[in-house]
Visitor: 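One structure, as structure tokens, below. Some questions next.
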Amino acid sequence: MLEKRIIVCLDVREGKTTKGIKFRGNVDIGDPVEMARSYYHGGVDELVFYDITASSEHRSVMLDVVAEVARQIFVPFSVGGGIATVDQMRNVLLAGAEKVSVNSQAVKDPLIIDQGAAAFGNQCVVLGMDVQADGEMPSGYRVVINGGRAPTDRDALQWALEAVDRGAGEIVLNSIDADGTTSGYDCRVTRMISESVSVPVVASGGAGTPQHVAEVFCDGAADAALVASMVHYGRYSIADIKRYLAADGIAVRLDGLV
Amino acid sequence: MSVGIVDYEAGNLKSVETALLALGARIVISDRPEVLLQADRLIFPGVGDAAAAMRVLKARGLDQAIVQFVNSGRPVLGICLGSQIVLDASEENSAVCLGLVPGIARRFAPDSGLKIPHMGWNQVEPTADHYLFSAIPSGTSFYFVHSYYPQPQDSAAVIGCTDYGVRFTAALCRDNLAAVQFHPEKSGRYGLRMLQNFLEYRA
């Protein structure tokens with residue numbers, strides 16, 4: 001049986017991680033490679049790195065991080081943040097990432113999804129989408145871009161369907177309303193998107209407890225769950241989350257838990 | 001001891017390369033038959049389209065090189081798409097494949113209600129005593145990303161199975177040739193263990 005994935009998200013700015021003040025052990029909390037190693041040895045199923053570097057001249061630093069992560073961890077990982085061209089996608093994949101995610105840029109120029117899928121295969125192209133509840137939209141959710149700051153005229157469900165049609169092999173669905181609240185994922189929008197598209201959907205935004213993760217698998221029909229602050233600040237380990245899920249009857253990978 | 005990795009523009013070789021280097025292997029990545037035929041063992045990884053992969057293999061004479069390598073008795077490992085193109089054919093764009101193992105690659109039924117591709121960790125149950133699974137517990141999870149799966153004609157070729165709506169062949173073999181549908185290079189410590197088993201295998 002396919003297991004539900006727990007994916008840790010690391011924000012990286014100019015080569016340094018930006019969260020993790022209470023990270024366990026002797027890990028340099030500013031070092032994305034060290035943090036990735038720690039999560040890898042703790043049983044994480046996958047990792048996501050978001051490059052939040054503001055200026056484009058420092059973007060090459062991220063490629064060094066990607067290459068070093070690839071040398072040290074042996075689970076899949078994806079890279080996103082500011083990816084705007086097929087060449088940038090290629091650089092990230094050649095550095096050793098399995099997948100590359102596009103978000104705002106794909107809304108502005110959807111052809112990047114088609115081009116990425118044609119060049120590297122659908123399984124390499126992840127659509128990241130930020131959504132916000134909005135009664136004026138047909139599905140009840142609006143796509144927002146630029147880190148949630150800029151509303152668009154796109155309906156969340158329509159955009160998800162279009163992106164999959166264009167070749168996105170996975171969707172990371174982030175609820176702007178839930179993001180940062182640690183009061184739980186938006187299971188409603190997650191279920192709506194997940195049950196409408198043919199590709200896996202990764203729920204993002206709002207996780208605060210293992211119970212929230214269980215909810216988004218059961219009520220939200222998510223295929224995977226992104227976690228960040230609940231593990232970065234040391235409140236829970238990957239093992240804590242997975243053991244909770246397993247006790248709840250949810251299939252997870254239990255190998256390698258510490 | 002050197003390990004040849006077949007470069008045929010079928011997806012990312014980087015993760016296979018880094019995993020083998022982490023295990024201390026000496027590797028040679030090439031798209032040239034004469035270079036690869038010098039290696040002591042051979043890996044052909046790959047993701048993507050079976051028909052496109054076969055076109056590239058043929059254009060470079062790599063199809064014959066792989067067959068020749070297998071027939072030489074040296075250890076060969078196919079990964080992901082590599083587990084499909086060893087068969088006679090694939091349903092993917094009606095590709096004619098290498099014909100090393102009788103059988104075809106089938107697509108997961110789109111009306112099954114299951115997400116396609118089959119992406120993520122799933123348990124593999126060894127169905128035969130094969131060196132690849134040495135020191136790996138039955139039911140260990142490996143990382144999969146695929147929409148087609150190998151279906152060997154002869155059940156004796158099957159060495160590992162996985163459930164995803166259907167029970168499908170996740171690992172297969174023919175003599176010195178073994179192939180896995182999942183990605184050992186991305187499957188944590190047991191994935192590395194499997195690659196190490198391949199590196200240590202004495203035919």
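Lettering follows sequence order; numbering is per chain, from 1.
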Visitor: Tell me, for B:Phe144 versus chain A, whether the close heavy atoms (under 4.5 Å) come from the side chain, the backbone, both or neither.
Guide: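 Interface part for B:Phe144: neither.
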
Visitor: Can you tell me which portion of A:Asp223 sits under 4.5 Å from chain B's heavy atoms? Options are side chain, backbone, both or neither.
Guide: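 Looking at A:Asp223, just its side chain touches chain B.
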
Visitor: Strictly less than 4.5 Å between heavy atoms, which residues of residues 64-76 of chain A line up against chain B? Please order them by number.
Guide: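 Listed by number, the contacting residues are A:Ala70, A:Arg71, A:Ile73, A:Phe74, A:Val75, A:Pro76.
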
Visitor: Quick one, B:Met119 and A:Glu46 - any side-chain contact, counting heavy atoms below 4.5 Å?
Guide: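 A side-chain contact is absent here, since even the closest heavy-atom pair is not under 4.5 Å.
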
Visitor: Just by distance, do the side chain of B:Trp121 and the backbone of A:Arg5 share a donor-acceptor pair under 3.5 Å?
Guide: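 No; zero donor-acceptor contacts below 3.5 Å.
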
Visitor: To the closest 0.5 Å, what do you measure between CG (A:Leu94) and CG (B:Leu13)?
Guide: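 Here the rounded value is 9.5 Å.
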
Visitor: Using modelled atom types only, decide if a donor and an acceptor are shared between the side chain of B:Lys115 and the backbone of A:Ser194 within a distance under 3.5 Å.
Guide: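 Yes, the answer is positive, given that a donor and an acceptor are paired below the 3.5 Å cut-off.
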
Visitor: Residue by residue, scan residues 163-172 of chain A and write down, ordered by number, those that have a heavy-atom distance under 4.5 Å to chain B; if none do, write 'none'.
Guide: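 Within residues 163-172 of chain A, the residues under 4.5 Å from chain B are A:Gly169, A:Glu170.
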
Visitor: Looking at every heavy atom in both B:Arg189 and A:Tyr40, which two are closest together, and how far apart are they?
Guide: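 B:Arg189 and A:Tyr40 have their closest heavy atoms at N-OH, 3.8 Å.
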
Visitor: Go through the atoms of B:Ser141 and report whether side chain, backbone, both or neither lie under 4.5 Å from a heavy atom of chain A.
Guide: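 Interface part for B:Ser141: both.
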
Visitor: Identify which of B:Val145, B:Thr140, B:Leu114 forms the greatest number of heavy-atom pairs closer than 4.5 Å to chain A.
Guide: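 Going by pairs under 4.5 Å, I would pick B:Thr140.
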
Visitor: Checking heavy atoms, do the side chain of B:Thr162, its backbone, both or neither come under 4.5 Å from chain A?
Guide: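 Neither part; nothing is under 4.5 Å.
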
Visitor: Less than 4.5 Å apart, any side-chain heavy atom of A:Glu3 and any of B:Gln123?
Guide: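 A:Glu3 vs B:Gln123: side chains touch.
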
Visitor: Specify the closest pair of heavy atoms between B:Asn122 and A:Leu2, including all atoms of both residues, with the distance to one decimal.
Guide: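 Looking at all heavy atoms of both residues, the closest pair is ND2-N, 3.3 Å.
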
Visitor: Which bit of B:His118 is near chain A, if near means a heavy-atom gap under 4.5 Å: side chain, backbone, both or neither?
Guide: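 Only the side chain of B:His118 comes within 4.5 Å of chain A.
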
Visitor: Looking only at atom types and distance, does a side-chain atom of B:Asp163 sit under 3.5 Å from a main-chain N or O of A:Met1, one as donor and one as acceptor?
Guide: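 Not a single qualifying donor-acceptor pair exists.
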
Visitor: How about A:Arg191: does its CZ atom have over 12 heavy atoms from other parts shown lying under 6.0 Å from it?
Guide: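 Result for CZ/A:Arg191: enclosed.
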
